[in-house]
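Accompanying notes for the structure given below.
Model, not experiment: these values are computed from the prediction. Position 1 is the first residue of the sequence; numbering continues from there. As the structure lists them, so they are numbered: ligands from 1, and atoms in each ligand from 1.
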Amino acid sequence: MKYYIKTFGCQMNVYDSQRIARILQNMGHSPADTPAGADLIIFNTCHIREKAAEKLFSDLGRINLIKEERKAAGLETIIGVVGCVVQAEDEEIAKRAPFVNFATGPLTYYRIPEILQKIARDKNICIIDTDFPAESKFDHLPENRSEGSCSYLAVQEGCNNFCTYCIVPYTRGVETSRPVEEVLKEARRLVETGTLEINLLGQNVNAYHGEDNTGKERDLAYLLRRLAEIDGLKRLRYTTSYPADVNDDLIACHRDLKKLMPYLHLPLQSGSDKILKAMNRRHDRNQYLEIIGRLKDANPEIGFSSDFIVGFPGETDEDFADTLDMVEKVGYIQAFSFKYSRRPGTPAAVYPDQIPEKIKAERLNILQEKLFSMQLSFNKECIGKIMPVLFESKGRKKGQLFGRTPYMQNLHAQTDGAGLNQILPVRITGATVNSLSGTVIQQ
Ligand code: 5AD
Ligand code: SF4
């Protein structure tokens, strides 16, 4: 069969989709360029905000038209949905998209081979699997290998924090960490097959507490130090971190490990202590600023990014002003911001004082204007500097390469075509909000 996978949402979903693609390739299937050319279409879905879930249903409607057109031409199409929406809205999928052949949550997609076998026997069944299995999905996945020079590696999944707005603990389940040796083995294999940069993934990655060979629990700092020993691995990153779980040794890694990039995504969510409390975050403004200060002491070059939610229930103008104030104080080099979205089943969805959509939109505009202007000034300050860039893919134009600086900035450079999958020094010549341009310095 030819397969087509469409991925929504976070980096973990990108990683999961890569693992699903590997399962399918091991079964002898190959990728299609378009959904219309695919016998198997899989949607890997995101449930973090309402918009993301709604988009799934409109996209599924469109995919059903393709299924109908293919049917008219005598071709069968299997449609599968995986990921967080399935875990939360399995009945809704069965009701609103009855043409879907199978749906599995983010923890059970390793069962796709048996599911496809069942469907081969009976084309009319619809299989829905929302198990939270006792065993780890990673024990059942085929060996990972590089898709290019930058790879994701999931080390931890799920979350026990239960921030009151967040659906993740209900869709990805409670927090589990992969054993140290298993992570190291996957990392070595990625490096052997071409990876130069590994981005460790987890919903709460710095809660990592995997067992080593002796059964002792090890933290993320230990894992980073072991990974940094791998020859051929040039860059390390990790995301997403929870401020209250940043420990001393993790901070020390930012001082000690040259391979660890000087960039940290450390979501603050809100700058108001009252709202942080209502969100059930285990940190306040001062604790957050203290962690930022210690990280800057460990590595003065470090840059920070964050996630923000505006319009959380009960957020006043003063609370919002506190968020703007924290943005100033920290001086983020990049950040993502969202309007609060009510997720059914989470505590905040039924909090009183829900904020009107209009106010959420106004606050988001103000916050984003500020964040974008800070991002633009950071990018502009880079002009004239020489930065090491890992070129991970070809750009749209002939001879153009796309890469990332240590700060995750997007960079395009015009080259003679050489340099793909290499880290090269680049003189920065131009900057916009979202990307840099530069010239590779000939060595
Ligand atoms: N509404 C808006 N944003 C949310 N996020 C998580 N849940 C919600 C929600 N209900 C944001 C948080 C998180 C990021 C991945 O998504 O900022 O860090
Ligand atoms: Fe959601 Fe909070 Fe866990 Fe992040 S830390 S995944 S926002 S519950």
For [atom], which protein heavy atom lies nearest, and how many Å away is it?
| atom | result |
| --- | --- |
| atom 5 (S) of ligand 2 | N161 ND2, 3.4 Å |
| atom 1 (N) of ligand 1 | S341 N, 2.9 Å |
| atom 3 (Fe) of ligand 2 | C159 SG, 2.3 Å |
| atom 7 (S) of ligand 2 | Y165 OH, 3.2 Å |
| atom 4 (Fe) of ligand 2 | Q203 O, 4.3 Å |
| atom 1 (Fe) of ligand 2 | C166 SG, 2.3 Å |

query: Can you check whether D307 has an N/O within less than 3.5 Å of an N/O in ligand 1?
result: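 For ligand 1, there is an N or O atom that lies under 3.5 Å from one belonging to D307.
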Which of the atoms in ligand 1, numbered in the order shown and given with their element, are less than 4.0 Å from a heavy-atom of [X]?
| X | answer |
| --- | --- |
| I48 | 5 (N), 6 (C), 7 (N), 8 (C), 9 (C), 10 (N), 16 (O) |
| I309 | 3 (N), 4 (C), 5 (N), 12 (C), 17 (O) |
| K339 | 1 (N), 2 (C) |
| F338 | 3 (N), 11 (C), 14 (C), 16 (O), 17 (O) |

query: Which atoms of ligand 2 are found less than 4.0 Å from any heavy atom of Y242?
result: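 Heavy-atom distances to Y242 below 4.0 Å select 5 (S).
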- request: Mark up the atoms of ligand 2 that fall under 4.0 Å of a heavy atom belonging to F162, in ascending order.
  value: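 Counting atoms of ligand 2 from 1, those under 4.0 Å from F162 are 8 (S).
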query: Would a line drawn from the ring center of F312 to the ring center of Y340 be shorter than 6.0 Å?
result: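 Judged by ring-centre distance (under 6.0 Å), F312 and Y340 do meet the cut-off.
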message: Are F378 and Y407, when compared by the centres of their aromatic rings, separated by less than 6.0 Å?
response: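 Close enough - the centres of the two rings lie under 6.0 Å apart.
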Salt-bridge contact [X]-[Y] (side-chain N to carboxylate O under 4.0 Å):
| X | Y | answer |
| --- | --- | --- |
| D212 | R226 | no |
| R404 | E197 | no |
| R294 | D297 | no |
| R19 | E186 | yes |

Would [X] and [Y] count as having a side-chain donor-acceptor pair, cut-off 3.5 Å?
| X | Y | value |
| --- | --- | --- |
| H47 | Q87 | no |
| S305 | H265 | yes |
| D16 | N44 | no |

- request: Grab the two heavy atoms, one from M326 and one from Y332, that are nearest each other, plus how far apart they are.
  value: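 Closest approach of M326 to Y332: O-CE1, 4.3 Å.
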- prompt: If you draw a 6.0 Å radius around NZ in K274, do more than 12 non-hydrogen atoms from other residues or ligands fall strictly inside?
  reply: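 For K274, atom NZ is crowded (more than 12 foreign heavy atoms under 6.0 Å).
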message: Counting only heavy atoms, tell me which of R342, Q269, M279 gets closest to atom 12 (C) of ligand 1.
response: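 That would be Q269.
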- prompt: Out of H265, R49, R343, whose heavy atom sits nearest atom 16 (O) of ligand 1?
  reply: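 Comparing heavy atoms across H265, R49, R343, the nearest one to atom 16 (O) of ligand 1 lies in R49.
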field: R172 to ligand 2, any heavy atom closer than 4.0 Å
entry: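 It does not; every heavy atom stays at 4.0 Å or beyond.
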field: Flag, side chain of D319 to backbone of T316, donor-acceptor distance under 3.5 Å
entry: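 Yes; judged by distance alone, with no hydrogens or angles, the pair exists.
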field: Presence of N, O or S from C163 under 2.8 Å of atom 1 (Fe) of ligand 2
entry: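 Given the 2.8 Å cut-off, C163 does not count as a ligand of atom 1 (Fe) of ligand 2.
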field: Which segment of P169 sits under 4.0 Å of ligand 2 when only heavy atoms are counted
entry: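 It is the side chain that touches ligand 2; the backbone stays farther off.
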message: At under 4.0 Å between heavy atoms, is it the side chain or the backbone of Y165 that contacts ligand 1, or both, or neither?
response: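 For Y165, the contact with ligand 1 is made by both the backbone and the side chain.
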